[in-house]
Amino acid sequence: MRCSLARSLEKIGDWWTPLILRDLFIGVTRFDALIEDLGISRNLLTSRLKALEAQGIISRRVYSQKPLRHDYFLSEAGRDLVPILLALTAWGDRWARPDEGAPLLFRHRRCGKIFEPQVTCSDCGEPIRAEEVDVLPGPEGGGAGHENRRATCRGANPARSTPLTPGQIWRQ
């Protein structure tokens, strides 16, 4: 598929992967500690770690030769996923928070303040809201066409010149 979202989900689309990446980000880097924290089976964790390493999202380093043991770390690609994980966590804090409150808080090291993760416009810095986004064809004509919701991933009508709103894309 040509869709960037679909291709991203191929790499991290199962339920466990974002949780593994979260744990690596917060410093849970050893296999047994990941099992304990996540409650995941050994074989499932092994397969997820191998896949993430093969995709270049994590790397590992030997910390013991006998027995052979590794620490796992986020690669550059993995660190680039952290803002996405933070945004998903913020969404969960708003729409699926436990009664006891948000289980994690985030502090920005540069300013020292607790913050709520959000997606902002790279140009003006304002928070992004769905109703304020127009979707346009990309440089290769892979934009969205409301005539076919699958057009965003399979190639759309590059001749379309009018921007589409999210409501036009997803409504039908």
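The basis for the numbers below is simple: all heavy atoms, side chains too, and nothing from hydrogens, waters or symmetry mates. In this chain, numbering begins with 1 at the start of the sequence shown. Remember, predicted model here, so these are calculated numbers, not experimental data.
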**Q** Once the angle between the rings of Phe106 and Phe115 is folded into 0 to 90°, is it parallel (under 30°), tilted (30 to 60°) or perpendicular (over 60°)?
**A** tilted
**Q** When hydrophobic residues are tied together by side-chain contacts of less than 4.5 Å, even through go-betweens, does Leu104 share a cluster with Trp91?
**A** no
**Q** Counting neighbours of CD on Glu36 that are heavy atoms of other residues, nucleotides or ligands and sit closer than 6.0 Å, is the number greater than 12?
**A** no
**Q** Between Lys11 and Thr17, which heavy-atom pair has the shortest distance, and what is it?
**A** O-CG2, 4.4 Å
**Q** Enter the distance from Glu116:CD to Leu105:CG here, rounded to the nearest 0.5 Å.
**A** 11.0 Å
**Q** Minimum heavy-atom separation for Pro117 and Ala90, please, with both atom names.
**A** O-CB, 3.4 Å
**Q** Roughly how far, to the nearest 0.5 Å, is the CD1 atom of Ile40 from the CG atom of Leu19?
**A** 8.5 Å
**Q** Keeping the roles fixed (side chain from Ser75, backbone from Gly56), state whether a donor-acceptor pair exists under 3.5 Å.
**A** yes
**Q** Would you call Asp23-Arg30 a salt bridge at under 4.0 Å N-O?
**A** no
**Q** Can you give me the closest heavy-atom contact between Pro18 and Ile12, atom names plus distance?
**A** CD-O, 3.9 Å
**Q** Search all heavy atoms of Arg22 against all heavy atoms of Leu85 and return the closest pair with its distance.
**A** N-CD1, 4.0 Å
**Q** Can Thr29 and Arg60 be said to form a side-chain contact (heavy atoms from CB on, under 4.5 Å), step by step?
**A** CA-CA 9 Å; Thr29 62; Arg60 62 184 172 148; over 6 Å; no
**Q** Tell me whether Trp15 shares a hydrophobic cluster with Leu81, the cluster being built from Ile, Leu, Val, Met, Phe, Trp, Tyr side chains joined at under 4.5 Å.
**A** yes
**Q** Measuring from His70:NE2 to Ser59:OG, what's the distance to the nearest 0.5 Å?
**A** 11.0 Å
**Q** Could you pull out the closest heavy-atom pair between Arg61 and Phe73, with the gap in Å?
**A** NH2-CZ, 3.3 Å
**Q** Look at the side-chain heavy atoms of Ile, Leu, Val, Met, Phe, Trp and Tyr, link any pair under 4.5 Å apart, and say whether Ile26 and Ile35 land in one connected group.
**A** yes
**Q** Distance from Leu21 atom CG to Ile84 atom CD1, nearest 0.5 Å?
**A** 10.0 Å
**Q** Would a 4.5 Å heavy-atom cut-off, applied to side chains only, mark Arg48 and Leu44 as touching?
**A** yes
**Q** Which atom names give the shortest non-hydrogen contact between Ser41 and Asn43, and what distance separates them?
**A** OG-OD1, 2.6 Å
**Q** Output the distance between atom CD1 (Ile57) and atom CG (Asp80), rounded to the nearest 0.5 Å.
**A** 10.5 Å
**Q** Distance from Ile58 atom CD1 to Tyr72 atom OH, nearest 0.5 Å?
**A** 7.0 Å
**Q** Could you go through Phe31 and Thr46, starting from their C-alpha distance and side-chain angles, then the distance that decides it, and tell me whether this counts as side-chain contact (heavy atoms from CB on, under 4.5 Å)?
**A** CA-CA 8 Å; Phe31 188 86; Thr46 297; 3.4 Å; yes
